[in-house]
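Please read all numbers here as calculations on a predicted model, not as lab measurements.
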Amino acid sequence: MQRSFSYTLDVTIPLHMDNERVEQWLWQSGFAMSHVARPSTPDAKAGAALCFLTYWQYFYQSMLLEVGVPLFVAPTITVLARPSDTRYQLSVSVPELSGHYALYQAALQPSIALLQQFAALPYSDQTFNVLAKQAGETLYQPLKAASLSGISTIPLMRQAWLRNVPIQHLGMGIFQLGQGAKRHLLRKSSTEQDSVMGLLLSESKLNSASLFRSLGLPSAEHKMVQSIEQAHQAAESMGYPLVVKPEHGNRSEGITLDVLNPAELNTAFMYAQTISQQVLIEKQVNGLSYRLFVYQGELLYVHCNQPRCVIGDGASTIRQLLEQDAQVQRQRLPWQRYPEIPLDQETLTCLTKQSYTLEDCPEKGANVFVRKVASTQWGAAEREGTPLEHVHPENRRLALRVAKATALTTAGVDLIISDISRPWYEQASLITEVNYAPMMGVSEVSRLATPRLIERLFDGGNGRIPIDVFMGDEQALEQAITRLKDYQDQGVKAYLTSHQQTLDSVGDAFHLPFETLQERSKALLRHVGVEALILVVQTDEVLRVGAPVDQINSLTVSNANVSGAVESVQRVYQALLNRKGTDSDA
């Protein structure tokens with residue numbers, strides 16, 4: 001029995017519904033929900049309601065995943081009453097996978113209202129923009145702000161869920177994966193193993209570059225400025241071309257490359273100051289920009305960060321390709337769109353550098369870059385990852401040295417280098433920045449690397465500790481204490497708890513202010529000192545508040561009474577025993 005949150009609500013369901021219209025909204029528009037089978041029933045009225053509720057189940061789940069809530073199982077819906085042909089009273093149960101109680105509830109009515117409009121309005125580009133904006137204002141924006149999840153959250157949580165790793169949300173976008181001594185904390189792609197010093201260093205390009213230089217690693221010679229006058233003085237001493245970037249921040253925001261003259265320097269300086277009042281001026285090093293993702297001393301993936309581009313089709317001019325790209329962005333949900341590429345000086349400069357004009361027609365498959373820098377603001381070219389075997393061993397070592405120097409277990413090392421298959425010290429190269437909590441699950445190569453990160457995090461297991469259950473009165477407690485002594489003999493730090501007392505790994509009282517087995521168990525599963533857990537079940541609370549855990553390793557039942565509900569309680573725990581995964585660590 002898995003705990004779930006239940007909600008009761010009234011819903012108005014169309015008596016007759018055009019399923020193909022709703023499916024166009026859900027599957028073929030920018031909402032791009034995964035297909036679900038259309039339910040069928042001989043009763044037309046019941047069929048319309050069944051279809052509506054089925055579509056809503058998965059739309060609700062899809063939108064919560066979109067905002068970073070790891071709801072990997074669709075809610076369960078029970079019809080409680082039908083006051084009229086179109087009104088239904090429902091009970092909606094949502095599995096407790098992450099503890100996002102308020103977000104589960106906040107998403108109910110807005111998602112139902114949107115689906116009702118999908119059923120009422122024929123699809124068009126105009127109506128899509130209206131309802132996509134409504135989805136952003138009523139669902140995405142408030143829920144995303146409350147979830148505090150990042151782009152990496154769902155890809156990593158999905159891999160954990162697929163491995164049967166227990167997941168709990170602790171607040172502030174921080175998740176606990178695993179139990180007791182095997183638990184880890186994640187926020188985006190960072191873990192509790194990453195240091196706050198690493199965070200501070202990654203946020204300061206000036207200080208991190210100074211550290212790298214002191215270690216003999218390739219790093220830029222910066223001049224930090226705070227005024228345009230200081231920027232021009234720095235440019236005069238260093239010479240063009242220059243790179244201008246904000247001193248704080250990452251993900252390539254606020255950076256301008258190929259600054260060639262004072263006028264461009266003015267523009268670049270003002271752009272950088274939108275991110276940070278302190279601006280860095282540095283001499284430009286030419287080459288390709290790579291992201292090297294390091295986790296626990298292993299290079300997990302390498303991706304070439306290339307700027308936003310349009311791709312030639314052999315028939316359209318670049319002006320037409322830009323308009324086609326803009327149209328693609330308009331068909332996406334507002335929070336998924338990249339800005340439309342303006343016909344500004346940067347675009348024209350990029351085209352000139354590639355010997356193109358707006359009226360040229362690139363050959364089919366040609367990449368035409370229209371921004372100078374790949375960034376979270378403007379986006380990047382969709383490129384395949386760089387095979388790890390193409391990365392020279394010295395460049396691998398360089399990335400690992402950078403992560404270690406900044407005390408980061410998880411690090412995104414950005415390196416400019418012309419040929420990544422040759423050692424960095426044989427060519428012009430530059431560490432541009434190191435990123436704390438680098439994004440996972442954005443590019444295809446990073447999506448493919450997510451299983452490896454979770455595998456490394458739990459050493460190939462699923463983060464579960466052994467959980468033994470003894471059910472009954474004093475006899476059950478005696479049996480549980482015997483098991484505790486067995487664990488002591490094995491050198492395993494096991495804790496024992498009933499609803500009213502808890503013993504630590506040496507049998508001493510472990511004081512907790514709780515009066516239920518569920519609360520005590522939850523506290524112990526978050527305690528890093530617990531290597532195994534022994535539960536003594538002496539009440540029928542599981543029938544009222546749900547099970548304290550989601551699966552167990554053993555069940556021992558004495559002949560004693562459990563508040564008159566032995567058989568019902570035993571069935572619940574037997575079900576938890578049957579759910580024990582074959583890949584359990586325990």
Side-chain angles (χ1 to χ4, degrees), residues 148-153 155-157 159-160 165 168-178 180-220 222 245-253 275-276 278 280 290-302 376 395-415 431-441 446 449-450 452-459 463 526-529:
L148 297 177
S149 293
I151 294 174
S152 308
T153 299
L156 289 171
M157 294 299 128
Q159 288 302 319
V165 176
Q168 281 294 315
H169 182 235
L170 304 184
M172 299 297 293
I174 301 171
F175 291 85
Q176 175 179 311
L177 303 187
K182 293 185 178 181
R183 74 101 170 100
H184 287 284
L185 304 182
L186 266 75
R187 187 176 189 272
K188 301 176 182 178
S189 69
S190 66
T191 76
E192 81 283 356
Q193 300 161 331
D194 293 306
S195 74
V196 68
M197 284 74 76
L199 169 61
L200 296 173
L201 282 169
S202 70
E203 289 183 337
S204 171
K205 296 182 179 68
L206 183 69
N207 290 313
S208 58
S210 176
L211 172 63
F212 301 148
R213 283 196 304 274
S214 72
L215 294 169
L217 305 180
S219 185
H222 294 131
K245 61 178 69 173
E247 201 283 323
H248 286 83
N250 50 31
R251 308 193 195 286
S252 299
E253 295 176 339
I275 307 296
S276 169
Q278 297 175 321
L280 297 178
Y290 290 90
R291 162 65 57 83
L292 292 84
F293 187 103
V294 174
Y295 178 70
Q296 284 190 348
E298 179 183 352
L299 185 61
L300 291 193
Y301 76 82
V302 177
T376 52
N395 297 332
R396 289 183 181 226
R397 293 190 190 99
L398 174 64
L400 301 188
R401 288 172 66 187
V402 169
K404 190 171 183 179
T406 50
L408 291 177
T409 299
T410 310
V413 180
D414 290 349
L415 174 68
I431 301 166
T432 57
E433 62 182 317
V434 59
N435 292 271
Y436 179 89
M439 289 186 290
M440 291 284 283
S446 71
T450 53
R452 178 59 178 161
L453 190 153
I454 296 298
E455 180 184 12
R456 286 292 309 276
L457 189 65
F458 293 106
D459 295 325
R526 290 180 176 173
H527 180 24
V528 294

Rounded to the nearest 0.5 angstrom, the NE2-CD distance for His184 and Gln193 is 5.5 Å
Do the side chains of Arg452 and Glu298 get close enough for a salt bridge, i.e. N-O under 4.0 angstrom? yes
Report task. Using the side-chain contact (heavy atoms from CB on, under 4.5 Å) rule, take Met440 and Lys188 through it: C-alpha gap first, then chi angles, then the decisive distance, then the call. Result -> CA-CA 8 Å; Met440 291 284 283; Lys188 301 176 182 178; over 6 Å; no
Answer with yes or no whether the side chains of Ser208 and Glu433 bring together a donor and an acceptor at under 3.5 Å. no
* Test Thr410 against Phe293 for side-chain contact (heavy atoms from CB on, under 4.5 Å), laying out the working first. => CA-CA 8 Å; Thr410 310; Phe293 187 103; 3.6 Å; yes
What one should report as the nearest heavy-atom pair of Leu156 and Ser189 is CD1-CA, 3.8 Å
Here the pair of heavy atoms bringing Leu215 nearest to Ala405 is CD1-CB, 3.5 Å
- prompt: Do the side chains of Leu217 and Arg401 get nearer than 4.5 Å, heavy atoms only?
  reply: yes
Sorted by chain and number, sequence neighbours left out, salt bridge (Lys or Arg N to Asp or Glu O under 4.0 Å) with Arg213 holds for Glu221
Scanning both residues in full, the closest heavy-atom pair of Pro438 with Ser152 reads O-OG, 3.7 Å
So CZ of Phe175 and CD of Gln168: to nearest 0.5 Å the spacing works out to 10.0 Å
Please report the C-alpha distance between Thr153 and Arg187 in whole Å, then the side-chain angles of each, then the deciding distance to 0.1 Å, and finally whether the side-chain contact (heavy atoms from CB on, under 4.5 Å) criterion is met.
-> CA-CA 7 Å; Thr153 299; Arg187 187 176 189 272; over 6 Å; no
task = In sequence, state the C-alpha distance, the side-chain angles, and the governing distance for Leu206 and Gln278, and then conclude on side-chain contact (heavy atoms from CB on, under 4.5 Å).
result = CA-CA 10 Å; Leu206 183 69; Gln278 297 175 321; over 6 Å; no
